[in-house]
There are 2 protein chains.
Amino acid sequence: MLDAVDWRILTELQADGRLSYNELSRRVALSPPAVAERVRRLEERGVITGYHAHVDLDAVGLSVVALVQMGCYGPLCLLRDEAALARPEILRLYRVTGDACCVLLVGVPSMAHFEQLIDDLADHGRPSSTMVLSSPIPWRAVSRPQAER
Amino acid sequence: MLDAVDWRILTELQADGRLSYNELSRRVALSPPAVAERVRRLEERGVITGYHAHVDLDAVGLSVVALVQMGCYGPLCLLRDEAALARPEILRLYRVTGDACCVLLVGVPSMAHFEQLIDDLADHGRPSSTMVLSSPIPWRAVSRPQAER
DNA sequence: AATGAAAACAGAATGTT
DNA sequence: AACATTCTGTTTTCATT
């Protein structure tokens, strides 16, 4: 699947998504065209799904962050409502096992906005919220699993 | 705080973190040096916290993904153990209100690895796991809140 | 996968509103 | 103070080996 060079590339690009192919080629000891071709294939194969600038939620005024478990099923289920899923307050959404149908990470500017959001979500099923106090690990790079070494 | 141009820049760089300043300057109708300076200041102010390649978990063999709530407190609390927090299986960690101390998103190659991880986490408090079936919204860009417009 | 040439780009200095 | 223009050195891309 992925060889050692691919993993080194993934590690570097996860740490700094704006690395130039030139610099990347130095770090993985390959020529620039070779590394560019590797990256292109990682993208094509769906290993790299995109490059994203990460934005601090507090810094842009999204001071209320929460995990919301949705207890919904059947035709009203949140997952069947395209418009509801498109709401920008939803930052991530995971479908899960257990009592809940899915878990949402949401970010809003205020508790008043949060109340409104919960009311809207309640059209699809019972929302159960947990407030996020802080994010000690907001994001961490994926590293090579032991099993593959 | 952030004006309309800043938000256009944030939108573009969240969608494609590898955009050149040249291309970005075209999209936001500004000169390349002006846009580069804007980006530099967004980074300096902590609005943009980094640029990361996003990797598909399935594609790199992390087929078991779960949300783990940790019920822990006091000196054994997971949040006080640097070494435990450094485990690469932990992809995100949120400190939350409610019964749980924190919620972890973890990714491992197999159920056997997951069992081992849960056993290790149990040293700090009672872990309660929910398996992630799929991620309909694995990541979404932050957009300008209504309140600021 | 490496090399070399042409096009595109980044960064610094300077000038403009 | 924020932006545009210009210039120089890199970087990217594509052809070729």
Side-chain angles (χ1 to χ4, degrees), chain A residues 1-62 109 139 141-145 148-149, chain B residues 1-56 59-61 139 141-149:
Chain A
M1 287 272 304
L2 298 178
D3 65 15
V5 176
D6 288 326
W7 272 109
R8 292 190 60 188
I9 291 172
L10 287 181
T11 301
E12 295 292 345
L13 285 181
Q14 284 184 98
D16 182 1
R18 279 181 80 74
L19 267 184
S20 72
Y21 291 130
N22 230 327
E23 176 60 25
L24 187 55
S25 73
R26 269 171 237 132
R27 298 195 187 177
V28 306
L30 227 58
S31 71
V35 93
E37 174 64 11
R38 288 249 190 183
V39 172
R40 197 193 63 72
R41 296 199 55 191
L42 287 169
E43 294 166 354
E44 190 189 37
R45 288 158 64 189
V47 176
I48 295 176
T49 58
Y51 305 86
H52 308 291
H54 280 211
V55 167
D56 185 89
L57 298 181
D58 255 319
V60 296
L62 297 176
W139 183 86
V142 169
S143 55
R144 191 176 194 176
E148 285 190 48
R149 281 194 190 122
Chain B
M1 287 271 307
L2 299 178
D3 66 14
V5 176
D6 288 326
W7 272 108
R8 292 189 60 187
I9 291 172
L10 286 181
T11 301
E12 295 293 342
L13 285 180
Q14 285 183 99
D16 182 0
R18 280 183 78 76
L19 271 182
S20 70
Y21 291 130
N22 242 321
E23 177 60 25
L24 186 55
S25 73
R26 270 172 233 132
R27 297 193 188 180
V28 305
L30 228 60
S31 71
V35 92
E37 175 62 13
R38 288 250 190 181
V39 172
R40 196 194 62 73
R41 295 195 54 192
L42 287 169
E43 293 166 355
E44 189 190 37
R45 288 199 276 165
V47 177
I48 294 175
T49 58
Y51 304 87
H52 308 290
H54 280 212
V55 167
D56 184 88
V60 296
W139 183 86
V142 168
S143 54
R144 190 176 194 177
Q146 301 280 357
E148 284 192 49
R149 283 195 189 125

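Per chain, numbering begins at 1; letters A, B, ... match sequence-line order.
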- Item | Axial cation check for B:Tyr21 ring with B:Arg40, 6.0 Å and 45° limits |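 Pair B:Arg40/B:Tyr21 does not count as cation-pi.
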- For B:His54 and A:Trp139, which heavy atoms make the closest approach, and how far apart are they?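 Result for this residue pair: NE2-NE1, 3.9 Å.
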- Taking A:Arg18 for its side chain and B:Gly17 for its backbone only, find out whether a donor-acceptor pair lies under 3.5 Å.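 Checking the backbone N and O of B:Gly17 against the side chain of A:Arg18, a donor-acceptor pair under 3.5 Å is found.
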- Query: Is the backbone of B:Asp3 close enough, under 3.5 Å, to the side chain of B:Asp6 for a donor and an acceptor to pair up by distance?
  - Reply: yes
- Query: In whole Å, what is the span from the CZ atom of A:Arg27 to the C1' atom of D:dT11?
  - Reply: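 My rounded result for the distance is 15 Å.
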- What string of B, S and - do you get for nucleotides 1-14 of chain C 5' to 3' if you count protein non-hydrogen atoms under 4.0 Å? SBB-----SSSB--
- Message: Taking salt bridge (charged side-chain N to carboxylate O under 4.0 Å, His left out) as the definition, give me every residue that meets it alongside A:Arg27, ordered by chain and number, with sequence neighbours left out.
- Response: A:Glu12, A:Glu23
